Amino acid sequence: MAIVCKSSAEIAKMRQSGRIVRQVLEHVRRLVTPGVTTMDLERAAAKQIEEAGAKPAFKGYYDYPCVLCTSINQEIVHGIPSEKRVLKAGDIVSIDCGVVLDGYYGDAAITVPVGEEITPELRKLLQVTEASLYRGIAAARVGNTVGDVGAAVQELVEANGFSVVREFVGHGIGTRLHEEPQVPNFGTRGHGARLREGMVLAIEPMVNSGKPGTRLLNDKWTAVTEDGSYSAHFEHCVAVTKNGPLILTQ
Ligand code: MF3
Ligand code: CO
């Protein structure tokens, strides 16, 4: 499958799904507090997606059971919401949400601290991961390559002593949740597919405070750091336009 470029009318539709994803994430972010379970977050998100007239993108995707992925501490991505997972002060939790509206997908993620106090190391992990996302976005320009995006993310992360996950990557997005190209959070400038007007990329750095290695839990979904270090994840959908990168999940 080739990389599908979107018309401005399609990008306008993707802004609508992106807006709903953002509203869900902002709503869920406010609920994150010690004592809340990840299933509480799931229920709130499911309700809000439905009220917005959209459909969840993750539920049923390869039999994934929920509308959110909620990944705590050493969990990198694809943590499954559960009544048994109670957030506690000092944790970090990644919340990843996707929706489809009128045939077009939106996908975004944030990682948030639980309670007011997290360690300075975790504070830095969140800041660097989010900043690396914006470095990647800034590289999503006509004429640049997918490798330029990955390199921009990787350079900032590694300059701060953290590492980027290799086994999971960002992706094209549009009328499917995952389209070509794959968008790794590492790479070499000038390498990979050339970016053209109308491409839409889900850029999603997954950053470990320790080594980059990953391992899958027995639930077959939850990816965790191999070395038990912490991991953060931020994601936006970004259209490549002639006026530069346009964030659709704003
Ligand atoms: N943002 C993630 C991704 O693009 C979430 C997918 S979860 C899944 O891969 F359940 F849908 F697979
Ligand atoms: Co994604």
Side-chain angles (χ1 to χ4, degrees), residues 4-32 41 44-45 48-58 67-70 77 93-113 126-142 144 146 148-150 152-153 156 169-179 181 183 185 195-207 232-250:
V4 182
C5 291
K6 281 80 182 173
S7 67
S8 48
E10 291 179 294
I11 287 170
K13 286 190 172 197
M14 294 188 75
R15 266 182 128 152
Q16 295 305 312
S17 35
R19 180 219 295 268
I20 292 169
V21 169
R22 179 57 43 195
Q23 286 168 343
V24 171
L25 291 179
E26 288 310 315
H27 178 63
V28 171
R29 180 207 293 277
R30 289 194 292 272
L31 300 177
V32 169
L41 306 180
Q48 214 186 341
I49 293 168
E50 179 164 6
E51 283 171 3
K55 292 268 183 272
F58 300 169
V67 309
L68 294 181
C69 299
T70 51
V77 284
V93 59
S94 150
I95 299 155
D96 191 348
C97 183
V99 307
V100 55
L101 180 74
D102 201 12
Y104 287 84
Y105 283 79
D107 182 12
I110 54 176
T111 303
V112 296
L126 299 189
Q127 280 167 355
V128 168
T129 306
E130 187 168 25
S132 76
L133 168 59
Y134 285 98
R135 292 290 182 96
I137 291 170
R141 310 192 72 90
V142 175
N144 276 3
V146 168
D148 291 321
V149 174
V153 172
L156 186 73
V169 297
H171 48 93
I173 183 168
T175 56
R176 291 175 299 137
L177 176 61
H178 293 145
E179 297 185 356
V183 184
N185 298 298
L195 301 182
R196 289 184 291 121
E197 191 182 342
M199 286 185 185
V200 180
L201 306 177
I203 304 175
E204 49 179 319
M206 289 150 264
V207 174
H233 175 216
F234 285 82
E235 177 177 20
H236 268 308
C237 292
V238 181
V240 177
T241 81
K242 56 177 181 294
N243 301 317
L246 174 66
I247 299 176
L248 305 178
T249 41
Q250 196 71 283

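Values in this document were obtained by computation on a predicted structure and should not be read as measured data. All values below were derived from every heavy atom in this structure, side-chain atoms included, with hydrogens, water molecules and symmetry-related copies excluded.
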Between atom [atom1] of [X] and atom [atom2] of [Y], what is the distance when rounded to the nearest 0.5 Å?
X	Y	atom1	atom2	value
S132	I137	OG	CD1	9.5 Å
S7	E197	OG	CD	10.5 Å
L177	F58	CG	CZ	6.0 Å
I247	L133	CD1	CG	7.0 Å
T241	R141	OG1	CZ	8.0 Å
T129	I110	OG1	CD1	13.0 Å

So, Y104 and E10: side-chain donor and acceptor under 3.5 Å apart, yes or no?
-> yes
Decide yes or no for [X] and [Y]: does some side-chain heavy atom of the first lie under 4.5 Å from some side-chain heavy atom of the second?
X	Y	result
F234	V207	no
L248	I11	yes
H171	E204	yes
P181	L201	yes
R15	L246	yes

Answer yes or no: does atom CZ of R135 have more than 12 heavy-atom neighbours from other residues, nucleotides or ligands under 6.0 Å?
-> no
Under 6.0 Å from the CD atom of E50, do we count more than 12 heavy atoms belonging to anything else shown?
-> no
Return the minimal non-hydrogen interatomic distance between [X] and [Y], and the atom names on each side.
X	Y	answer
G136	V149	O-CG1, 3.7 Å
K6	G174	CE-CA, 3.6 Å
N144	A139	ND2-O, 2.8 Å
P56	I49	N-CG2, 3.8 Å
V146	V183	CG1-CA, 4.2 Å
V24	Q48	CA-OE1, 3.4 Å

Please test M14 against I173 for side-chain contact (heavy atoms from CB on, under 4.5 Å), starting from the C-alpha separation and ending with a verdict.
-> CA-CA 9 Å; M14 294 188 75; I173 183 168; 4.0 Å; yes
Any donor-acceptor N/O pair, T111 side chain to H233 backbone, under 3.5 Å = yes
Output field: ring centroids H236/Y134 closer than 6.0 Å = yes
From L25, T249, L101, residue fulfilling side-chain contact (heavy atoms from CB on, under 4.5 Å) relative to I20 = L101
Would V32 and L41 satisfy side-chain contact (heavy atoms from CB on, under 4.5 Å), going step by step from the backbone distance to the final call?
-> CA-CA 8 Å; V32 169; L41 306 180; 4.1 Å; yes
Show your working on side-chain contact (heavy atoms from CB on, under 4.5 Å) between E235 and D96 and close with a plain yes or no.
-> CA-CA 8 Å; E235 177 177 20; D96 191 348; 3.3 Å; yes
